[in-house]
Amino acid sequence: MDASWFEPVRAYCERGDAAFWAEPVNALTNGAFLIAAALAARRARGDGPVLALAAVTFVVGIGSFLFHTLANRWSMLADVIPIAVFIYGYFALAMTRFFGLRPAAATALTLAFAALSFGLTPTLDALAGRSISGLTNGSIDYAPAVLALLGVGVALLKRAPGTARSVLVTAGLFLVSLSFRTIDVSVCPRLPLGTHFLWHLLNAAVLYRLLIAATRFRV
């Protein structure tokens, strides 16, 4: 493997050096994803798609733990790839379960959503003439997911008001968790621990709520 894959990455406030346990709070709070996955799997009661996404949630916790301990380029991929799998997997599930789309149509929309997501940051960078990702500590990459949650919630208001309210509340919670991820580096001078661990705790709650919303959905 290329040696560059093992280059140290310091992305968060808590990390002061390249040691394995340099981010103990960021590392250990990934346990929240494992708990969320276990609770969601228990509530799923044989719901295959939800069980699959609960498994992805478990992998999100493991991947993030690896990044906050090993903190190198390959472990960064172990962190971000499972999150992307959950986002697009849940989007596809929402299209079929919440809106009754056929698999082919749901797949096409999911691919379009993925293309929009991957193209957003480069487009904003080009328009602004600077790195928007750098200004937001990478949080801009999650903007499409926020917009998707809001869109799904609003679209469900007449079709399934209870599920709509749950999704919209979850979108609000996701915005709060994203704000803690965004300000992590900027608060370092006043708060050496940073705020990234709050992103873990709140985001685990976000994934759990989304899985439960899919499990409970009734037209």
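Quantities reported herein were computed from a predicted structural model and do not represent experimental measurements.
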Query raised in the report: How far apart are the closest heavy atoms of P82 and V56, and which atoms are they?
Result: O-CG1, 3.5 Å

**Report entry** Expected output: side-chain Y90 to main-chain L210 donor-acceptor under 3.5 Å
**Finding:** yes

Report task. Would you mind reporting whether Y12 and V185 have side-chain heavy atoms less than 4.5 Å apart? Result -> no

Query raised in the report: Between R159 (side chain) and T163 (backbone), is there a donor-acceptor pair under 3.5 Å?
Result: no

Query raised in the report: Would you call N72 and P8 a side-chain contact if the rule is heavy atoms closer than 4.5 Å?
Result: no

Query raised in the report: If only atom types and distance count, is the side chain of R209 paired as donor or acceptor with the main-chain N or O of V167 below 3.5 Å?
Result: no

Report summary line: A106 and T96 have their tightest heavy-atom pair at CB-CG2, 3.5 Å

Report task. Taking all heavy atoms of T69 and all of A27, pick out the closest pair and write down the distance. Result -> CG2-CB, 3.8 Å

Query - Same cluster (ILVMFWY, side-chain, under 4.5 Å), F67 and I87 - result: no

Query - Note, V152 side chain near M95 side chain (heavy atom, < 4.5 Å) - result: yes

Requested in this report: Kindly say whether the aromatic ring centers of F180 and H196 come within a distance under 6.0 Å.
Outcome: no

**Report entry** Heavy atoms of other groups near R130 CZ, more than 12 under 6.0 Å
**Finding:** no

Query - Smallest separation among heavy atoms of G194 and V187, with atom names - result: CA-CG2, 4.2 Å

Requested in this report: Check the angle between the aromatic planes of F98 and F217 and answer parallel, tilted or perpendicular using the 30° and 60° thresholds.
Outcome: tilted

Report task. May I ask you to decide whether R181 forms a salt bridge with D141, counting only side-chain N to carboxylate O separations under 4.0 Å? Result -> no

**Report entry** Within one Ile-Leu-Val-Met-Phe-Trp-Tyr cluster: L116 and F118, side-chain cutoff 4.5 Å
**Finding:** no

Report task. Report the distance from atom SG of C188 to atom CG of L193, rounding to the nearest 0.5 Å. Result -> 9.5 Å

Query raised in the report: Would you say L34 and N30 make side-chain contact, with heavy atoms under 4.5 Å?
Result: no

Query - Parallel, tilted or perpendicular, as decided by the 30° and 60° cut-offs, for the rings of H200 and H68 - result: perpendicular

Query - ILVMFWY network linking L156 to V154, side-chain heavy atoms under 4.5 angstrom - result: yes

Report task. Mind running side chain to side chain contact (heavy atoms under 4.5 Å, CB included) on F91 and L109 for me, showing each step along the way? Result -> CA-CA 9 Å; F91 185 90; L109 279 176; 4.2 Å; yes

Query raised in the report: When rounded to the nearest 0.5 angstrom, what distance separates CG in L173 from CG in N203?
Result: 8.0 Å

Query raised in the report: Is there a donor-acceptor contact under 3.5 Å from the side chain of S64 to the main chain of G61?
Result: no

Requested in this report: Before giving the answer on side chain to side chain contact (heavy atoms under 4.5 Å, CB included), spell out for I132 and T136 the whole-Å C-alpha distance, their side-chain angles and the decisive distance to 0.1 Å.
Outcome: CA-CA 6 Å; I132 301 299; T136 62; 4.3 Å; yes

Requested in this report: Verify the neighbour count for atom OH of Y142: are there more than 12 heavy atoms of other residues, nucleotides or ligands below 6.0 Å?
Outcome: yes

**Report entry** OG1-CD1 distance between T215 and I212, expressed to the nearest 0.5 angstrom
**Finding:** 5.0 Å

Query raised in the report: Can you tell me how far the CG atom of L70 sits from the CD atom of E23, to the nearest 0.5 Å?
Result: 10.5 Å

Query raised in the report: So do the side chains of L168 and L157 get within less than 4.5 Å of each other, counting heavy atoms only?
Result: yes

Requested in this report: Would you confirm whether the ring centroid of F113 sits within less than 6.0 angstrom of the ring centroid of Y88?
Outcome: yes

Query raised in the report: Are any of the side-chain heavy atoms of L28 and F197 separated by less than 4.5 Å?
Result: no

Query raised in the report: Counting N and O atoms only, with roles assigned by atom type, does the side chain of N137 sit under 3.5 Å from a partner on the main chain of S133, one being a donor and the other an acceptor?
Result: no

Requested in this report: Search all heavy atoms of A36 against all heavy atoms of A204 and return the closest pair with its distance.
Outcome: CB-O, 3.6 Å

**Report entry** Nearest-0.5 Å distance, CG of residue L191 to SG of residue C13
**Finding:** 6.5 Å

Query - Derivation and outcome, side chain to side chain contact (heavy atoms under 4.5 Å, CB included), residues D79 and L66 - result: CA-CA 7 Å; D79 179 33; L66 290 174; over 6 Å; no

Requested in this report: Output, in order, the C-alpha distance, side-chain angles, deciding distance and verdict of side chain to side chain contact (heavy atoms under 4.5 Å, CB included) for T29 and V25.
Outcome: CA-CA 6 Å; T29 49; V25 177; 4.2 Å; yes

Report task. Would you check if the side chain of E14 reaches a backbone N or O of P192 as a donor-acceptor pair within less than 3.5 Å? Result -> no

**Report entry** Note, R97 side chain near D47 side chain (heavy atom, < 4.5 Å)
**Finding:** yes

Query raised in the report: What is the ring orientation for W199 with F174, classed by angle as parallel under 30°, tilted 30 to 60°, or perpendicular over 60°?
Result: tilted

Query raised in the report: Taking side chain as C-beta onward, heavy atoms only, is F58 less than 4.5 Å from F33?
Result: no

Report task. Look up atom OG1 in T195 and atom CD1 in I183, then write down how far apart they are to the nearest 0.5 Å. Result -> 4.0 Å

Report summary line: Between A164 and G153, the two heavy atoms sitting closest are CB-O, 3.2 Å

Report task. Identify whether L207 and L147 are in the same connected component of the hydrophobic contact network (ILVMFWY, side-chain heavy atoms under 4.5 Å). Result -> no

Requested in this report: Is it possible for you to say whether V176 and L149 belong to one hydrophobic cluster, with membership spreading through side-chain heavy-atom contacts below 4.5 Å?
Outcome: yes

**Report entry** Side chain R15, main chain D17, donor-acceptor under 3.5 Å
**Finding:** yes

